[in-house]
Amino acid sequence: MARFIFPEWTQTFRKWALLLLGGAPIYLVALVMCGANANTLRVGYQPEQPVPYSHALHVGELGLDCRYCHNTVEDAAVAAIPPAATCMNCHRMIRTDSPKLTPVREAFANKKPIKWIKVHDLPDYVYFNHSAHVTRGIGCESCHGRVDLMTQIYQAKPLTMEWCTDCHHDPSTARRPEEDITVMGWHGENAKVGYPLTLPEREKAGLNPKNSILMNCSTCHR
């Protein structure tokens, strides 16, 4: 029976093929581990901050309104991170000697910002306007989750393109009365309060998915 004789160059190919076959399982395991990491998915991302600020204490227990610290959220694209002076409005008199607040006191004294680590960080090619959402009844917890229960803030929602477009396609599920945008654990009787339901109303408001500005690429990618 005749034997097939392969050219000499196929020996090199054979070595690479064995290497690829042997390394593929290791690569796949590493890929899955990296892909499931919170730093990659962002959901669950919870970096250590320079100050152990507890939203559960300030928002949940003390009832502090989100807009007291993030005071530009209704007027600007960015929800401002409060300066140390905002913290010192209370902490001039409360827990004045707490070592946990040393970075706050130093930042205030030196007139320098606290170096907070950004948790909800969208890609540079995505344009997001906070005021456009909260002034139309999109509650803080719709995107940030129940921050009133978070001792240490973390990313609770995926903030992916699909997640955003699902809401843009039908914002009614996220809408609430504007006076309730900072209410945590909100359960209104009608989640579609103020949302135009008829097709003419939707078209007039630019909410028809077929031609809506909400579904236009340039709305978020500018």
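Any value given below was found using the heavy atoms of this structure, including those in side chains, with hydrogens, waters and symmetry copies removed.
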Notebook entry, point to check: Under 3.5 Å, is there a donor-acceptor pair between the side chain of Asp180 and the main chain of Val183?
Noted result: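 Between the backbone of Val183 and the side chain of Asp180 there is no qualifying donor-acceptor contact (under 3.5 Å).
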Margin query: Using modelled atom types and a 3.5 Å cut-off, is there a donor and acceptor pairing between side-chain atoms of Arg175 and backbone atoms of Arg136?
Written below: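 Checking the backbone N and O of Arg136 against the side chain of Arg175, a donor-acceptor pair under 3.5 Å is found.
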What heavy-atom pair brings [X] and [Y] nearest, and what distance separates the two atoms?
{"X": "Leu57", "Y": "Ser54", "result": "N-OG, 3.1 Å"}
{"X": "Pro103", "Y": "Ile114", "result": "O-CG1, 4.4 Å"}
{"X": "Val134", "Y": "Ile181", "result": "O-CG2, 3.5 Å"}
{"X": "Ala85", "Y": "Phe108", "result": "CA-CD1, 3.8 Å"}

First locate atom [atom1] of [X], then atom [atom2] of [Y], and finally report the distance between them rounded to the nearest 0.5 Å.
{"X": "Ile81", "Y": "Thr72", "atom1": "CD1", "atom2": "OG1", "value": "9.0 Å"}
{"X": "His70", "Y": "Asp65", "atom1": "NE2", "atom2": "CG", "value": "10.5 Å"}
{"X": "Glu178", "Y": "Ile138", "atom1": "CD", "atom2": "CD1", "value": "10.0 Å"}
{"X": "Cys140", "Y": "Arg176", "atom1": "SG", "atom2": "CZ", "value": "7.5 Å"}
{"X": "Arg105", "Y": "Asp97", "atom1": "CZ", "atom2": "CG", "value": "6.5 Å"}
{"X": "Leu62", "Y": "Cys90", "atom1": "CG", "atom2": "SG", "value": "8.5 Å"}

Check: Taking it one step at a time, do Cys143 and Trp163 satisfy side-chain contact (heavy atoms from CB on, under 4.5 Å)?
Finding: CA-CA 10 Å; Cys143 298; Trp163 182 81; 3.8 Å; yes
Item checked: Shared hydrophobic cluster for Val59 and Val73 (ILVMFWY, side-chain gaps under 4.5 Å) ->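 No, Val59 does not connect to Val73 through the hydrophobic network.
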Next item on the list: Kindly work out whether a path of hydrophobic side-chain contacts (I/L/V/M/F/W/Y, heavy atoms less than 4.5 Å apart) joins Leu159 to Tyr127.
Entry: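 In one cluster with Leu159: Tyr127, no.
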Note to self: Does the plane of the ring in His144 sit parallel, tilted or perpendicular to the ring in His120? Use 30° and 60° as the thresholds.
What the structure shows: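 Answer is perpendicular, since the angle exceeds 60°.
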Margin query: Classify the ring geometry of His58 against His91: parallel below 30°, tilted from 30° to 60°, perpendicular beyond 60°.
Written below: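 Perpendicular: the ring planes of His58 and His91 meet at over 60°.
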Any side-chain heavy-atom pair from [X] and [Y] closer than 4.5 angstrom?
{"X": "Ile117", "Y": "Glu48", "answer": "no"}
{"X": "Lys157", "Y": "Val43", "answer": "no"}
{"X": "Val126", "Y": "His221", "answer": "yes"}
{"X": "Cys66", "Y": "Met184", "answer": "yes"}
{"X": "Tyr68", "Y": "Asn89", "answer": "yes"}
{"X": "Cys220", "Y": "Phe128", "answer": "no"}
{"X": "Pro47", "Y": "Val119", "answer": "yes"}

Item checked: From Thr96, Ile94, Val104, residue fulfilling side-chain contact (heavy atoms from CB on, under 4.5 Å) relative to Met88 ->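 For Met88, the side-chain contact (heavy atoms from CB on, under 4.5 Å) check succeeds only for Val104.
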Checklist line | Stepwise side-chain contact (heavy atoms from CB on, under 4.5 Å) check, Ser131 with Asp75 | finding: CA-CA 5 Å; Ser131 65; Asp75 305 306; 5.6 Å; no
Next item on the list: Under the side-chain contact (heavy atoms from CB on, under 4.5 Å) rule, collect the residues that match up with Glu179, sequence neighbours excluded.
Entry: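 By the side-chain contact (heavy atoms from CB on, under 4.5 Å) rule, Glu179 matches Pro177.
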Checklist line | For Tyr154, all residues meeting side-chain contact (heavy atoms from CB on, under 4.5 Å), sequence neighbours excluded | finding: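 Once residues adjacent in sequence are excluded, the partners of Tyr154 under the side-chain contact (heavy atoms from CB on, under 4.5 Å) criterion are Gln46, Met150, Ala156.
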Next item on the list: List the steps and the verdict of side-chain contact (heavy atoms from CB on, under 4.5 Å) for Asp121 and Arg42.
Entry: CA-CA 9 Å; Asp121 191 11; Arg42 303 295 295 186; 3.5 Å; yes
